[in-house]
K.L.:
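Before we start, here is the structure in question, set down as structure tokens.
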Amino acid sequence: MFKNYKVDFETACVHAGVGEYEFHPVVPPIYQTSTFAFESAQQGSALFAGEQKGYIYTRMLNPTVQAMEDAVAELEGGHKALGCGSGMAAVHTIFAALTKSGDHVVCSTAVYGPTATLLKNIMAKFGVETTFVDTTKLDETAKAMKQNTKVVFIETPGNPTLAITDIEETAKIAHKSGAKLVVDNTFMSPALQKPFELGADVIMHSMTKFLNGHADVVGGIIVVKDEQAYLDFRKVLNQLGGVIDPFNSFLVHRGIKTLSIRMQKHCENAIKVAKFLEENPKIKWVSYPGLKSHPQYAVGLKQHKDFGGMIAFELKGGYEAGTILLNNVKICSLAVSLGGVETLIQHPASMTHYSLGKEAREEAGISDGLIRISVGIENAADIINDLEEALGKI
Ligand SMILES: Cc1ncc(COP(=O)(O)O)c(C=O)c1O
């Protein structure tokens, strides 16, 4: 970004990925084009042969997409990044790049539902077997490793229970068996958690969430640590085709400028909401990484800077009480997804994690009464009043 000039994360959010363009705009232009004309037949063939740098076709690379990728790579402390059409396109690209038929994957039980179902239904069809384990228990992860384990995939905090996996110790277990550690860093974002500093090999995000932060884009990203990994992933992404487009890249890049300040407000609000919920007599339990009652509170302190905007809880009245709450909130929107400026509330067992089935949900600790909140950046008292009034209807 600034050559020979080290800046703080807040400054990096504003400036990362912004390059030099014709007419010197302070924001990267949107190159809304599918293809780029060659200066000559010779230049076209030199570009395809990789003898010359430049743009050929937007599925392969586009300057607006690349500017956003550079920004995320820089914020994560990675080498380069690859923009994908969704978080799930990123997950698919990662497994297609790192595994082949006969390989084995170890994955956290607490992951986004479709990540688990992709492994169970699609990767299994192509001969990649997965063992799901509670990766908060390091001995269980170590026990699940096999000779052919190529990837350990963790999401921390995990969706939707907020279970926290020790990234540094899991990286050691993965590396001992020659496997790569992939971390889904969606819930914390690089503002709060830096998996590369803890030994991860690949980081991914659903950029639909905190990175973009405004609930108006679906996108994903893969961040890698070296050029060879970048070239390998780029080849697979180019062939699978799950790329992000220039306009959505522009929006994500714009969102990233306020990532640091948004995350501060998400955290500030979420701890207040979590404490309010913990004290409410209608609530059975609350899971928030910033509460001392969180089972992995100490692990979290080691690896994230603050506690994020996500909260899970269960009402004493179970799912029936939950539906009353969901149907009576006014400021909190009843919607899936997370990480936007607005507070969202949802019921994982019937929504985001429905596809898993009851048995797998139970294994992952997702009870039928669990409610998930993505705390936005509104006034904290307004969010709490809204929840208090809706809880009063139970
Ligand atoms: C932690 C996590 N990873 C991956 C995904 C998938 O991302 P997308 O919906 O952008 O495909 C989600 C979506 O909710 C998520 O929460």
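These numbers come from a predicted model, not from an experiment. Whatever order the structure lists ligands and atoms in, that order sets their numbers, starting from 1.
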K.L.:
Would you name the heavy atoms of D386 and I331 that are closest together and state the gap between them?
P.N.:
OD2-N, 2.7 Å
K.L.:
Can you sort out which atoms of ligand 1 are near G219, meaning under 4.0 Å from one of its heavy atoms?
P.N.:
10 (O)
K.L.:
Between H205 and ligand 1, find which residue part has any heavy-atom pair under 4.0 Å and reply side chain, backbone, both or neither.
P.N.:
neither
K.L.:
Run down the list T208, V91, L118 and name the one with the heavy atom closest to atom 10 (O) of ligand 1.
P.N.:
T208
K.L.:
Would you please test V106 and T130 for side chain to side chain contact (heavy atoms under 4.5 Å, CB included) and show each step?
P.N.:
CA-CA 6 Å; V106 171; T130 302; over 6 Å; no
K.L.:
Can you tell which part of K209 has a heavy atom less than 4.0 Å from ligand 1: side chain, backbone, both or neither?
P.N.:
side chain
K.L.:
Quick one: pull up NE2 in H79 and OH in Y230 and give me the separation to the nearest 0.5 Å.
P.N.:
8.0 Å
K.L.:
Are L338 and ligand 1 in contact, using a heavy-atom cut-off of under 4.0 Å?
P.N.:
yes
K.L.:
Check A67 against H253 and note the closest heavy-atom contact, atom names and distance.
P.N.:
O-CE1, 3.4 Å
K.L.:
Got the closest protein heavy atom to atom 8 (P) of ligand 1, with its distance?
P.N.:
G87 N, 3.3 Å
K.L.:
Quick one: look up the protein heavy atom nearest atom 15 (C) of ligand 1 and list residue, atom name and how far away it is.
P.N.:
Y112 CG, 3.7 Å
K.L.:
So, regarding V218 and ligand 1 (criterion: nitrogen or oxygen to nitrogen or oxygen, under 3.5 Å), is there a contact or not?
P.N.:
no
K.L.:
Run the ring-centre check on H266 versus F210 and record whether the distance is less than 6.0 Å.
P.N.:
yes
K.L.:
Under the ring-ring contact (aromatic ring centres under 6.0 Å, His included) criterion, do F153 and F95 qualify, and how do the steps go?
P.N.:
CA-CA 10 Å; F153 187 100; F95 287 116; 5.5 Å; yes
K.L.:
Should one rank T352, T186, I221, N159 by closest heavy-atom distance to atom 16 (O) of ligand 1, which comes out on top?
P.N.:
N159
K.L.:
Is any N or O atom of D184, backbone or side chain, closer than 3.5 Å to an N or O atom of ligand 1?
P.N.:
yes
K.L.:
Check contact between P114 and ligand 1, using heavy atoms of the residue and a distance below 4.0 angstrom.
P.N.:
no
K.L.:
At what distance, to the nearest 0.5 angstrom, does CG of L162 lie from CZ of F187?
P.N.:
6.5 Å
K.L.:
Is there a donor in the side chain of Q264 and an acceptor in the side chain of E10, or the other way round, less than 3.5 Å apart?
P.N.:
yes
